[in-house]
A.B. asks: 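So that we are looking at the same thing, I have put the structure below in structure tokens.
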Amino acid sequence: MLAQSEHVHDLKGPWALRGIVAVDPHECAGTANTLVGLRPVERELGCEQLRGVGEIIARHPRPEPADQFLGRVLFHVVALELWFDGWHWRTGGTVRVIVNIIAVLMLGSDGLIACPDRARLDELGRAAGGSSAAPEPQWKAGWDTYLQARRSCDDAAALLAALATQATQAVDRNQPDLALTIESERLAIAERKGLQFNAAEAAERVGTLLSDRGERDIAIRRLHEASAGYARLEDWGRAANVESRLSRVQRQAGDYFTALAHEQGALAMRRRLDPPPSMWRSQLNIAVLYEQLEIFDEARRRYAEALVQAETEGEPRSIAVVLGAFAGYLSDFGKSDAPQALKMAERALEISTRQGGVVQRASARLQVGRAQLNLGQLDAADRTLTAAYADARAGQHEALMAHILFRRGELAHAQGLLDLALQRITDARTVYETQGNRHRLAKVHAALEKLYRDRGESLLAAEAGLSHYRLRDELLGSQAIGRMREALNRFELHEERARNAELAQEKAMAEVNLLAEQRRVQLIYLVAAGVLIALILLAWRYATARRLYRLLSEQNRLVLEQAAQLSLANEQLREQSAKLLVASVTDGLTGLKNRSQAMERLSARLAADEDFAVLLIDIDHFKQINDRFGHPVGDAVLQQLASRLREGLPDIAETFRMGGEEFMVLLPAAQARQHAERMRVAINATPFRIQGVAVDIAVCVGGTTVNDLPVRSPEAAYAAADKALYRAKQGGRNCLRWMGTEAAIVH
């Protein structure tokens, strides 16, 4: 029904009218159906046509005052067209009205919508904010109406707050792509308006959503912008949260040292506040980093500190997060820590079920299932992991779905369902490759190595093992090498500066000597001239020259002493450089060459076309020695074993420590097996005496002769010896197994 609006006289000109459309929810179910004119009009119009007109006009904000006269004229044109058109609106007359509206928009109008009054805005805001559980069309329509009204008002802060609320609801409704679009718009508006806090918060949310989608590089840029924005505002709590997010993103990329630096920065920011908030988060992230760097004792200590901190702060969801992460760490150690891991994971699941979301519940169920798997409760683990996968899928959390799928693959392997296990683990690997999660890929390849071996596919098992070790070395070794190069570069720079300083000193000495010589010549001339003047003047000149000479001599002596000190400092720097070089290639505990040197020597001897044997030696049940006697005794056992290997093998043998309790020996192929067996028997026959305690030690030995390999390469030789060592462990330990021709095990 066309009618005169009761609010017309309260507005400032026709361009400030509420569109030319007023909403009557009773007649058109929320669709604009009343055209506001300047006189009463008694014509009915269709809701669909009015909706189209309203949507065209609603997209344009209020015009400048200078356009109001033109707006009034054009508005009358539109109103009269509608009045005279009457029934023909539903037919050809529609075109005429739309043409008039387009003319209004093209002739300078920025729109016909006015900013509603405060009561109307509050009403629309409550309707949109309370529609989070509404069906999609109703939810979208409510937000479109509210945001349209907000855009018509000159209040950027209120508009940004509305966009933030809508984005939060989009995330809760599992619409991350829509949330990303909304936050991107919010970021652009905040930057244009110079609203620093909103810009920082929007950048943080954009970075978080992008990191969840695997778009790591752009996410890192946005998170850096957010951290810098919060820091400028001295909002250290939010800045710390962003630094923690950056740490997690860098950790997923395998850059552990950068991740650790970000998390330490977050910890420092939190400590600026009183009381420090969310300290558990930094402790937890640092614990995860230490775990992935395989510094396990420090990782366990950090997990315990994070749990204590979360319990102190008393926020249940935070406690559940730490409990789940701690349980996952304990599950990595197998059956020994599984009871404690299960207890923690069940408590995390209880909290998540009561207060957490579907994703957090899925994460807690994952850790419960892992603990059950380690305890051999395969049926219970199957039910738990299946429920966890359903929760993760409902939450559309792709990374968590991949984690659960990988553990379900391990479960299928334990159940003897090798084909199903291979399918699940391979599907998880595809997701990790897409996300660039190298840490998880290393675990996948380790699991595939065992799976292929049990399937009898030796070549695929070797390839998976090589991929596992390569990724592991990249994750744990590349940063250390880079830091060593950085240290060497700093040393070279220091040496260059020292050389420049020495040259400067020599130049200064030469200039002093030249000046002295010049002055001596001048003195000769002065003395010659002084003879003609008077003997007293000559004596005085001579005394002055002597004093000057003594001063120059003293300065020369000081310069020589400084040169000697610089030479001594250079010598000390060279000695430190040599020590650093030795430390980079030597195992600090046993004095043997380390893993990198072992692989270099293996490559060199293969390149020289030598016929030699490769032995891998592993102490049986070494963890039990550490648990029973303590790590100092375990270290002493490793030292004594290294000594026995040096003494019990031929002088020509080369011995290396590969890491942990594993050693490698390279020796001539002739009688290599006899030497290896004699050495194994000798180690087992004589207990190790450490601090007055006799410790019985047995070792497994796996060996191969490189000429027996189908392919002569360092990787093939290491894999063959490692496979023989694995068979020695499977064969009851304290034995020797040899990899013979065509990758066959020879006992």
Side-chain angles (χ1 to χ4, degrees), residues 132-133 135-136 139 168-179 208-209 211-214 252 316-317 319-328 331-332 338 341-435 437 440 443-444 447 451:
S132 58
E136 181 67 18
W139 180 79
T168 300
Q169 289 189 5
V171 171
D172 293 338
R173 295 169 68 90
N174 296 324
Q175 296 178 321
D177 292 341
L178 176 59
T208 300
L209 291 166
S211 67
D212 290 341
R213 287 187 4 170
Q252 290 171 356
R317 296 182 67 172
I319 296 172
V321 170
V322 179
L323 285 169
F326 203 170
S331 293
D332 287 340
L342 180 59
K343 183 178 178 181
M344 288 184 173
E346 287 176 339
R347 185 183 170 204
L349 178 58
E350 176 190 358
I351 297 173
S352 300
T353 302
R354 188 172 64 250
Q355 297 191 10
V358 64
V359 174
Q360 190 173 15
R361 186 173 68 232
S363 180
R365 279 181 169 157
L366 167 62
Q367 301 310 331
V368 172
R370 290 189 62 196
Q372 291 170 336
L373 175 59
N374 286 336
L375 290 171
Q377 303 171 8
L378 302 187
D379 291 338
D382 195 358
R383 291 191 298 271
T384 304
L385 291 176
T386 300
Y389 189 80
D391 283 343
R393 189 169 185 177
Q396 298 183 0
H397 200 296
E398 188 176 18
L400 184 56
M401 290 168 62
H403 300 340
I404 299 170
L405 192 62
F406 171 60
R407 299 304 177 183
R408 293 181 73 194
E410 289 184 330
L411 173 62
H413 190 179
Q415 292 171 327
L417 307 174
L418 302 187
D419 291 339
L420 179 59
L422 180 60
Q423 177 185 347
R424 288 173 173 174
I425 295 175
T426 303
D427 291 343
R429 181 183 64 184
T430 301
V431 177
Y432 293 145
E433 287 174 345
T434 301
Q435 296 175 341
N437 193 333
R440 293 285 179 177
K443 290 189 174 183
V444 165
L451 181 57

A.B. asks: Assess whether side chain to side chain contact (heavy atoms under 4.5 Å, CB included) is satisfied between R408 and L420, documenting all intermediate values.
C.D. replies: CA-CA 9 Å; R408 293 181 73 194; L420 179 59; over 6 Å; no
A.B. asks: CG/L366 to CG/L405 distance, rounded to the nearest 0.5 angstrom?
C.D. replies: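 The CG atom of L405 is 11.0 Å from CG of L366, to the nearest 0.5 Å.
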A.B. asks: A side-chain contact here means heavy atoms from C-beta on lying under 4.5 Å apart; do T384 and R370 qualify?
C.D. replies: no
A.B. asks: So, for S352 and A320, which heavy atoms are closest and what is the spacing to 0.1 Å?
C.D. replies: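 That would be OG-CB, 3.8 Å.
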A.B. asks: Please report the shortest heavy-atom distance between I425 and G409, naming the atom on each side.
C.D. replies: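 So the minimum-distance heavy-atom pair works out to CG1-CA, 3.8 Å.
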A.B. asks: Could you pull out the closest heavy-atom pair between G395 and N174, with the gap in Å?
C.D. replies: O-OD1, 3.8 Å
A.B. asks: At what distance, to the nearest 0.5 angstrom, does CD of Q169 lie from CG of L178?
C.D. replies: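 Result: 10.5 Å between the selected atoms.
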A.B. asks: Could you give me the CA-CA distance, side-chain angles and deciding distance for D332 and K443, then say whether side chain to side chain contact (heavy atoms under 4.5 Å, CB included) is met?
C.D. replies: CA-CA 11 Å; D332 287 340; K443 290 189 174 183; 3.8 Å; yes
A.B. asks: I need the minimum non-hydrogen distance between L323 and M344, along with the two atoms involved.
C.D. replies: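 In this case the closest contact between L323 and M344 is CB-O, 3.8 Å.
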A.B. asks: Measuring from Y389:OH to R424:CZ, what's the distance to the nearest 0.5 Å?
C.D. replies: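 With rounding to 0.5 Å, OH (Y389) is 9.5 Å from CZ (R424).
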A.B. asks: Do D382 and Q415 have side chains that approach each other closer than 4.5 Å (heavy atoms only, starting at C-beta)?
C.D. replies: yes
A.B. asks: Kindly compute the distance separating CG (L411) from CZ (F406), expressed to the nearest 0.5 Å.
C.D. replies: 12.0 Å
A.B. asks: If you count heavy atoms of other groups shown closer than 6.0 angstrom to CD of E398, is the number above 12?
C.D. replies: no
A.B. asks: Take atom CZ of R173 as the centre, draw a 6.0 Å sphere, and report whether it contains more than 12 heavy atoms from other residues, nucleotides or ligands.
C.D. replies: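 Enclosed.
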A.B. asks: Closer than 4.0 angstrom, basic N to acidic O: yes or no for E410 and R407?
C.D. replies: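 Counted as a salt bridge, because a side-chain N and a carboxylate O are separated by less than 4.0 Å.
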A.B. asks: Nearest 0.5 Å, what's the CG-CD distance between L385 and Q367?
C.D. replies: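 If we round to the nearest 0.5 Å, L385:CG and Q367:CD are 9.5 Å apart.
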A.B. asks: Looking at every non-hydrogen atom in both residues, tell me the closest pair between S331 and A341 and how far apart they are.
C.D. replies: OG-CB, 3.7 Å
A.B. asks: Under a 3.5 Å distance rule, please check whether Y432 uses its side chain to pair with a backbone N or O of H403 as donor and acceptor.
C.D. replies: yes
A.B. asks: Could you grab the distance from atom CD of Q435 to atom CG of D212, nearest 0.5 Å is fine?
C.D. replies: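 Output value for this atom pair is 9.5 Å.
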A.B. asks: For a quick test of reading the model, state the closest non-hydrogen atom pair linking Q396 to P176 and the distance between them.
C.D. replies: OE1-CD, 4.0 Å
A.B. asks: Counting only N and O atoms by type, is there a donor-acceptor contact under 3.5 Å from the side chain of Q355 to the main-chain atoms of P316?
C.D. replies: no
A.B. asks: What I'd like to find out is whether the side chain of V171 reaches to under 4.5 Å of the side chain of L209, using heavy atoms alone.
C.D. replies: yes
A.B. asks: Name the one of M401, R365, Q360 that satisfies side-chain contact (heavy atoms from CB on, under 4.5 Å) with D391?
C.D. replies: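 Result for side-chain contact (heavy atoms from CB on, under 4.5 Å) with D391: R365.
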A.B. asks: Checking E346 against L349 for the side chain to side chain contact (heavy atoms under 4.5 Å, CB included) test, could you report, in this order, the C-alpha distance in whole Å, the side-chain angles of both residues, the deciding distance, and whether it holds?
C.D. replies: CA-CA 5 Å; E346 287 176 339; L349 178 58; 5.5 Å; no
A.B. asks: Can you list everything that forms a side chain to side chain contact (heavy atoms under 4.5 Å, CB included) with H397? Sequence neighbours excluded, please.
C.D. replies: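 So H397 forms a side chain to side chain contact (heavy atoms under 4.5 Å, CB included) with V359, A399, L400.
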A.B. asks: I want to check something: taking the side chain as every heavy atom from C-beta on, are R213 and D177 in contact at a cut-off of under 4.5 Å?
C.D. replies: yes
